[in-house]
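One structure below.
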Amino acid sequence: MEKKELWQAVLAKIELALSRPNFLTWFQDTGVKSVDRGVALVCVPNGFAKEWLQNKYHRAILSALRELSPEIREVNFVIAKPEDSLPPFPATEKQKAALLKKKALDGLSGEELPSLRELAVNPETNLNPKYTFTDFVVGSFNELAHAAAQSVLKSPGTVYNPLFIYGGVGLGKTHLIQAIGNEFLKRNPGSRVRYVTSEKYMGEIVEALKNQEMNALKEKYRSADLLIVDDIQFMARTEKMQEEFFHTFNALFDKNKQMIISSDRPPQAIPTLEERLRSRFEGGMLADIGLPDFETRFLILKNKAEQKGVVIPEPALTSVAEAIKNNIRELEGALNRIVISAKLSNAPITVEGAKKILVQYLAAPKKFSSPRKIIKAITEFYEVSEKDLLTRSRKKDFVRPRQIAMYLMRQELKSSYPSIGDKFGGRDHTTVMHSYEKIAEEMKTNPELEEELRLIKDRIFLE
Ligand code: ADP
Ligand code: MG
């Protein structure tokens, strides 16, 4: 089969599985450059599309190719123009542009490949299956918390209730408590495990009050066999919530049902936490997570690289582990940058290359720290104009990118809600808050969105 025909047949297959805008967005201007000794080289218009196709559609493309041409065993992507630019899309340029604008805005969910779907949050428990003990590295910084977790799994509801885990940002609290939930479920199939962040819990209470569904909500949490509440420090902000949680706590406690709570600080350091809750928390087991030492940081990096299936020279891992001390999430972030930039330049990872990226990464907060950069990245990614983004149009095409821009400004720059509102045509701070929370919430259940944001951030970083 001719290369051109082959690719058109592949596209025909893939098109069936995707929404039209999505298909156009990612497969426009692609082609097969060569098929040589079982390796198909697919050309894509830019590094961005390359990254996306590689991560997301690699399997779909390979299986479509193999069905048509069984000798193909591997597919690689290269940034290049297809030789014969084919006109497979009957849409006019204008239609195409309009569709492109919708890019990734909608239609993404439900079409993701199994690899991503597997990682989706379980709607029943709200647990993310990606958090397991298998890839949780234990060192002196977290061994107390880890040991307490194991005891709780062995004798839930009796030894340590609640188990209260606290520690700084990005040090593995969420990972650990979700791993407990997943493990508990494995050991006790059919049991009712509920994981909730205190922010989500608060939202649920507000909703339930509005819709007069408070009893159902009470039932949802009071019938749990294991209740996990993440980031409880935020709960202390409202009385109503503390009140509600207090009763839930007691109900579960009386039934010897295990509770696990996380916080960024110990109970006595949460200023507005009610006394009665504080004393209950302190009556359980308090376990802190400290800072990982160098060996642990190195080991974490090594494991993550292995999981990703990439080879990184040890001295490169050493420099990353030496440079980033306080936050495991950042450690992973640095590793991801190194892997991505090697992928984009199609070169193996070298010590020098890794160091260069690391320097950039460490400088990135400064580099990143401008609303301008965020706005520019958003307008480019979603192909909307700055004017549409910043002014008051309510069209769906603009609302979503705007919400994401607001989210990023809050998340990455820690800008205040009112100041973000000012940048977007003097919007009220509550609008900004709402946008932020909406995206933050969706991030938890939508791996596509997480990916999308990562790509937007990488764009800013790699430019
Ligand atoms: P926190 O909830 O304390 O802010 P997270 O649990 O979200 O932190 O952890 C941040 C990132 O670091 C996650 O991707 C998590 O998987 C990873 N991580 C944290 N602790 C460990 C560990 N001990 N071993 C491996 N990965 C870890
Ligand atoms: Mg967390």
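Quick caveat, the model's predicted, so the values are computed rather than measured. First listed ligand is number 1; within each ligand, the first listed atom is number 1.
- We find that E204 and K200 are joined by a salt bridge, their nearest charged nitrogen and carboxylate oxygen being less than 4.0 Å apart.
- Every atom of ligand 1 with a heavy atom of G168 under 4.0 Å away is listed here by number and element: 3 (O).
- Inside a sphere of radius 2.8 Å centred on the Mg ion (ligand 2), the protein N/O/S atoms present are T174 OG1.
- The residue from A179, P292, G172 that puts a heavy atom closest to atom 8 (O) of ligand 1 is G172.
- Considering each of R329, E332, H175, the one bringing a non-hydrogen atom nearest atom 16 (O) of ligand 1 is H175.
- Side-chain atoms of T158 and N161 include no donor-acceptor pair closer than 3.5 Å.
- For K438, the side-chain hydrogen bond (donor to acceptor under 3.5 Å, both in side chains) criterion is met by no residue, not counting sequence neighbours.
- Numbered from 1 in the order shown, with element, the atoms of ligand 1 that lie under 4.0 Å from a heavy atom of V169 read 4 (O).
- At the top of the distance list for atom 26 (N) of ligand 1, counting protein heavy atoms only, stands K304 NZ, 3.0 Å.
- For the pair K240 and E243, the salt-bridge criterion is not met [side-chain N within less than 4.0 Å of a carboxylate O].
- For residues 302-339, there are no ring-ring contact (aromatic ring centres under 6.0 Å, His included) pairs, not counting sequence neighbours.
- Electrostatic pairing of E244 and R222 counts as a salt bridge here, judged by a charged N lying under 4.0 Å from a carboxylate O.
- Using a cut-off of 4.0 Å between Lys/Arg side-chain N and Asp/Glu carboxylate O, E274 and R280 are scored as not salt-bridged.
- Closest to atom 23 (N) of ligand 1 among all protein heavy atoms lies V137 O, 2.8 Å.
- A cation-pi contact, defined as under 6.0 Å to the ring centre and within 45° of the axis, is absent between R400 and Y382.
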Query raised in the report: Is there a side-chain hydrogen bond (donor to acceptor under 3.5 Å, both in side chains) between D293 and T296 once you walk through the steps?
Result: CA-CA 5 Å; D293 55 22; T296 313; 2.4 Å; yes
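- Every residue two or more places apart in sequence or in another chain that forms a salt bridge (charged side-chain N to carboxylate O under 4.0 Å, His left out) with R194 is listed here: E124.
- Short contacts between ligand 1 and N142, defined as distances under 4.0 Å to a heavy atom of the residue, involve ligand atoms 23 (N).
- Salt-bridge check for E330 with R337: failed, with every basic side-chain N at 4.0 Å or more from each acidic carboxylate O.
- For atom 25 (C) of ligand 1, the closest non-hydrogen atom on the protein side is D135 O, 3.2 Å.
- Atom 27 (C) of ligand 1 has I328 CG2, 3.7 Å as its closest protein atom, hydrogens excluded (heavy atom only).
- Scanning the protein for heavy atoms near atom 4 (O) of ligand 1, the closest one is G170 N, 2.7 Å.
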